[in-house]
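Input: a single structure, listed below in structure tokens.
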There are 2 protein chains.
Amino acid sequence: MVLDVVKNSMDHPTTDMIYTRVSEILPNISMGTVYRNLAQLVAANEIMQIGMPSGADRYDWRIESHAHFVCTDCNTVIDIANINIDDIKRINPGVKDCDIDTVNLVAYGKCPKCKQAKA
Amino acid sequence: MVLDVVKNSMDHPTTDMIYTRVSEILPNISMGTVYRNLAQLVAANEIMQIGMPSGADRYDWRIESHAHFVCTDCNTVIDIANINIDDIKRINPGVKDCDIDTVNLVAYGKCPKCKQAKA
DNA sequence: GTATCTGCAAAGAATTTGCAATCCT
DNA sequence: AGGATTGCAAATTCTTTGCAGATAC
């Protein structure tokens, strides 16, 4: 059920949002269960966890390595291509000999809608 | 004093580490004060805050935009060059029209020392 | 029937805040 | 005196966990 909700959510939901949505069908579910199921699904590589430098983590049904843009006005999250690990190594001799496993990239700014709303 | 500690710390300290170091000279300082001073210094662009997707934020005296590598074994933080915003836009037509203000990039993996320690 | 999963509530980590007391000028 | 800064403790936010009861095979 938790997996279903994530797979059908296009808005990179937070745990809270997932909890609310699952609650509509399973009214007695608890936050603990949502967290536990999300952790399992992430471990099983069924969904991706997006660690946010500030605020609650979000979840994504797209599991291929990718990054995100977050609008600082409306909080919309847009998927973007991740940076290539070889590119990082190429421009950073200091980490040339490191084993880089994952890259967490979050870009912040204003989406086109909020950009023009301000103007 | 807080600024001094950050400027003299080469290890990208967390608030806790900064608190401990300042405490050695000002034993009565409180966490609240450390947080408030750090927030002020970040706002004044005197230091940089490194938002970590999980765990406590870290602080850096290098204020030019840059990214970080974190060793998942020993927690060492290594400065790396940040990705260019134009590069992100070039490979991501979906965010071409977004105003990107900041890019938070954290790479995780094993540093050379921990890599060979394991082997 | 035993291993797993759940709800609940409490604990935990990281950070923020209200407020009275203190400091500086 | 008057405004800014502090220490302290409580509050917030997000997440994890212990445990007794419910579920699943």
Side-chain angles (χ1 to χ4, degrees), chain A residues 1-7 9 11-60 68 70-77 102 104 106 108, chain B residues 1-7 9 11-60 68 70 72 74-77 102 104 106 108:
Chain A
M1 191 67 231
V2 170
L3 177 58
D4 255 34
V5 165
V6 175
K7 288 211 167 168
S9 295
D11 56 352
H12 303 82
T14 60
T15 314
D16 240 40
M17 293 157 79
I18 296 166
Y19 169 72
T20 304
R21 287 169 202 180
V22 175
S23 296
E24 284 165 20
I25 296 137
L26 305 173
N28 291 327
I29 199 169
S30 70
M31 261 312 221
T33 301
V34 172
Y35 272 104
R36 274 181 289 225
N37 278 287
L38 286 171
Q40 256 180 251
L41 291 165
V42 169
N45 207 39
E46 299 247 41
I47 59 177
M48 174 180 170
Q49 181 173 30
I50 315 170
M52 289 293 175
S54 72
D57 284 357
R58 289 170 169 267
Y59 293 87
D60 199 331
H68 298 89
V70 180
C71 176
T72 47
D73 275 14
C74 66
N75 274 308
T76 298
V77 178
T102 60
N104 179 302
V106 182
Y108 291 97
Chain B
M1 191 70 229
V2 170
L3 176 57
D4 256 34
V5 165
V6 175
K7 288 212 167 169
S9 294
D11 56 354
H12 303 82
T14 60
T15 314
D16 240 42
M17 292 157 80
I18 295 166
Y19 169 71
T20 304
R21 287 168 202 180
V22 175
S23 294
E24 283 165 20
I25 296 134
L26 305 173
N28 291 328
I29 198 169
S30 70
M31 262 310 220
T33 300
V34 172
Y35 272 104
R36 273 182 289 226
N37 277 288
L38 286 171
Q40 255 181 247
L41 291 165
V42 169
N45 209 38
E46 299 247 40
I47 60 177
M48 174 179 170
Q49 181 174 30
I50 315 170
M52 290 293 175
S54 72
D57 284 356
R58 289 168 169 269
Y59 293 87
D60 198 332
H68 298 87
V70 180
T72 46
C74 66
N75 273 307
T76 297
V77 177
T102 60
N104 179 303
V106 183
Y108 292 96

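Labels below follow one simple rule: chain letters A, B, ... track the order of the sequence lines, proteins then strands, and each chain is numbered from 1.
- Here the closest non-hydrogen pair linking B:R58 and B:N75 is NH2-O, 3.9 Å.
- Atom CG of B:L41 is separated from atom P of D:dT5 by 12 Å (rounded to the nearest Å).
- You'll find the side chain of A:L38 reaches within 4.5 Å of the side chain of A:I18, heavy atoms only.
- When the P atom of D:dT6 is taken as reference, atom CG of B:L26 falls 10 Å away, rounded to whole Å.
- Inter-residue side-chain proximity for A:Y108 and A:V106 is flagged as met; some heavy-atom pair is nearer than 4.5 Å.
- Using a 4.5 Å heavy-atom cutoff, the side chains of B:D60 and B:H68 are in contact.
- Rounded to a whole Å, the CE atom of B:M52 is 11 Å from the P atom of C:dT15.
- Taking atom CG on A:N37 and atom C1' on C:dC5, their separation rounds to 9 Å, with Å as the unit.
- Rounded to an integer number of Å, the gap from CZ of B:R58 to P of C:dA14 is 11 Å.
- A heavy-atom distance below 4.5 Å is not found between the side chains of A:V6 and A:L41.
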Per-nucleotide protein contact string for nucleotides 10-25 of chain D (B base, S sugar-phosphate only, - none; heavy atom under 4.0 Å): ----SBBBBB------

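- Rounded to an integer number of Å, the gap from B:N28 CG to D:dA9 C1' is 16 Å.
- For A:D11, the salt bridge (charged side-chain N to carboxylate O under 4.0 Å, His left out) partners at least two apart in sequence or on another chain are A:R21.
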